[in-house]
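Read the structure below first, then the notes.
Please read all numbers here as calculations on a predicted model, not as lab measurements. Residue numbers start from 1 in every chain, and the chains themselves are labelled A, B, ... in the order their sequence lines are given, proteins ahead of strands.
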Amino acid sequence: MTEEAIHTSNFITQIIDDDLANHKYETIVTRFPPEPNGYLHIGHAKSICLNFGIARDYNGLCNLRFDDTNPSKEEVEYVESIKKDVNWLGFSWNGEPKYSSNYFDKLYGYAIELIQKGLAYVDELTPDEIREYRGTLTSPGKNSPYRDRTVDENLALFEKMKNGEFEEGKACLRAKIDMASSFICMRDPVIYRIKFASHHQTGDKWCIYPMYDFTHCISDALEGITHSICTLEFQDNRRLYDWVLEHITIEHHPHQYEFSRLNLEYAITSKRKLNTLVKEHIVDGWDDPRMTTISGLRRRGYTPAAIREFCRRIGVTKQDNTVEFSALESCVREDLNEHAERRMAVLNPLRLVIDNYPEGQVEQLEATNHPLKPELGTRKVPFTRELFIEAEDFRKEANKKFKRLTLDKEVRLRYGYIVKAESCEEDADGNITCVHCTYIPESLGQDVEGHKPKGVIHWVSATESKKAEVRLYERLFKVSNPGAAEDFLATINENSLKIIDNAYIEPALAEAAPSQAFQFERTGYFCLDSKYSTDDKKVFNLTVALKEDSQKAAE
RNA sequence: UGCCCUGUAGCCAAAUGGUAAGGCAUGGGAUUUUGAUUCCCACAUGUGCGAGUUCGAUCCUCGCCAGGGCAGCCA
């Protein structure tokens, strides 16, 4: 998966192909325009891959533009996280990051132009009245009594708005379009409102801020965007996008195209709801490994390549869709299977004593780091008389499908010897506390005539291994579509985080580097937790479990 | 009961007038010192429904049905 498809085709790239063939454009320019009011999530990754991917595939440009027209919801923390996430996903934007707020002066000028053309007016209806006058989905609206003010009057009033001479909500600037339009966003949309809020980029320079519909199209035009790609809910807004650009004096007129946003099972792709989880401390921040935010996926151990591949596989259309979570997991497994070195770790230790192995002896067995990549080398794994194996890898007795250790039967210890379970000890409650076995000295690295182990299990030396914390995760929600629930907080899976504080890792894992992925053999893929892991106490996150043979459940 | 958009397999998604790609999932089988990986095989007489145009329709036309979006001084 190192080489991604150079050109993935979808209805938008088909339009671009046509535009290029017709010489409508020579260079394709796109943009990714997040509002810095939250962290990016997997849904944004789809848009990022689309916009930056097009720029890459067509040798074009993609701007990163913060759509920061609402200072009361936005923060610099978010702009920083967004830059980091876009870069981490493997993309770089054209030039410096842009901000809609860069264009506030020009936007103000275009508002004046509209007023001068008699196409905008200062309305003094209250917000409630504006809503009443707007009409409904099935009935037309009616004109505001302030709609026919003179140009001069509007100019003076808009100036007063800018100078802070109106209170918030007492006046706003509206485009004069059509109160009877079947597109509600064309019923004299508000294009400027008063907000006495300081802005993270412009400070207290302004007390009036332009609305999205007025800002976005002009920002696109000013940046020379050719294809302005957004999600389906903006389809109606396209009429207003075009109206604004047709009625002001501006060089470019980009075209807007809409695609369907990603819905992922068992995940939430609403910044507002994600924010609730963070603010209510239901999760451990925006980067909680259970979150499908970019930062959460990163901390969980997902790779940029896996996320990009996922976005490639799901495609881009206008159809509503809900992608199964397994589609995402398949992408990380594919990447990690190829790139993650293999290690052994025991999460639920059961003592295994090899009665015929010399006490005190430590043998350094050689283990390959990757079964299909000898170039990744080998490492030493200490083998001793007492080991830990997974408790679930031993049963006193079991049916034929059980491919692990049972009394009087043999298994191979991965990279080591064949052992035969002879007896086990139990506590007062009947829990198995220790298994005694014998090993076959000549079985190291080779089969032995007459011995057919039932399977291969992983292990760790009881005396040479290190203790570690391992965090296992399940889906954050109990239902496949938490976003549709009346109260999505009620669908939280209380068991989504399981902390194992007495896991044992082979010595080589104590050297694990942050952001290095490992496969704990027969268990899953893991990485160090960037937040809680320390030199003294390693903490590993489960990225994704290995697939399990369905026969395993039938044993 | 207005306008806009969308209906191809369990989930994504190609093909856009020439007779239904691919991926995920699922079920079988082979290989395997990871029940992983890898490799084979199976998986839509069918494109929401009904008409029409055509030699031929998933594709064009009309009607119907279903789903989504739109009534923030949010984006």
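Comparing B:C24, B:A13, B:G69 by their closest approach to the side chain of A:Asp236 singles out B:G69. Comparing atom distances between the A:Thr138 side chain and each of B:G2, B:G68, B:A15 picks out B:G2 as nearest. Distances from the side chain of A:Ile314 to the nucleotides B:A71, B:C5, B:C12 place B:C12 closest.
With 3.5 Å as the limit, one finds a donor-acceptor pair spanning the side chains of A:Ser72 and A:Asn70. Under 3.5 Å, the side chains of A:Asn369 and A:Arg342 contain no donor-acceptor pair of N or O atoms.
Residue A:Thr322 is in sugar-phosphate contact alone, with no base atom involved, counting any heavy-atom pair closer than 4.0 Å across all strands shown.
The base of B:G68 lies outside donor-acceptor range of the side chain of A:Glu233, with no N or O pair under 3.5 Å. With hydrogens and angles ignored, no donor-acceptor pair under 3.5 angstrom links the side chain of A:Asp320 to the base of B:G67.
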Atom pairs under 3.5 Å, N or O on each side, protein against nucleotides 33-36 of chain B: can you list them with distances?
from  : atom 1 : to       : atom 2 : distance (Å)
B:U33 : O3'    : A:Arg414 : NH1    : 3.3
B:U33 : O2'    : A:Arg414 : NH1    : 2.5
B:U33 : O2     : A:Tyr415 : N      : 3.0
B:U33 : O4     : A:Arg412 : NH1    : 3.1
B:U33 : O4     : A:Gly445 : N      : 2.8
B:U34 : N1     : A:Glu521 : OE1    : 3.4
B:U34 : O2     : A:Gln519 : OE1    : 2.7
B:U34 : O2     : A:Arg522 : N      : 2.9
B:U34 : N3     : A:Gln519 : OE1    : 2.5
B:U34 : O4     : A:Arg342 : NH1    : 2.5
B:G35 : OP1    : A:Arg522 : NH1    : 3.0
B:G35 : OP2    : A:Val456 : O      : 3.4
B:G35 : O2'    : A:Asp549 : N      : 3.1
B:G35 : O6     : A:Lys403 : N      : 3.4
B:G35 : O6     : A:Arg404 : NE     : 2.7
B:G35 : O6     : A:Arg404 : NH2    : 2.8
B:G35 : O6     : A:Glu555 : OE1    : 2.7
B:G35 : N1     : A:Lys401 : O      : 3.0
B:G35 : N1     : A:Glu555 : OE1    : 3.1
B:G35 : N2     : A:Lys401 : O      : 3.1

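Regarding contacts with the backbone of B:A75, a side-chain N or O of A:Thr69 is found under 4.0 angstrom from either OP1 or OP2.
Rounded to whole angstrom, the span from the CZ atom of A:Arg174 across to the C1' atom of B:G72 amounts to 12 Å.
Proximity of a side-chain donor or acceptor of A:Arg149 to a complementary backbone N or O of A:Pro145 within less than 3.5 Å is not detected.
The 5' end of RNA chain B is approached more closely, in terms of each residue's nearest nucleotide, by A:Ser182 than by the other of A:Ser182 and A:Thr126.
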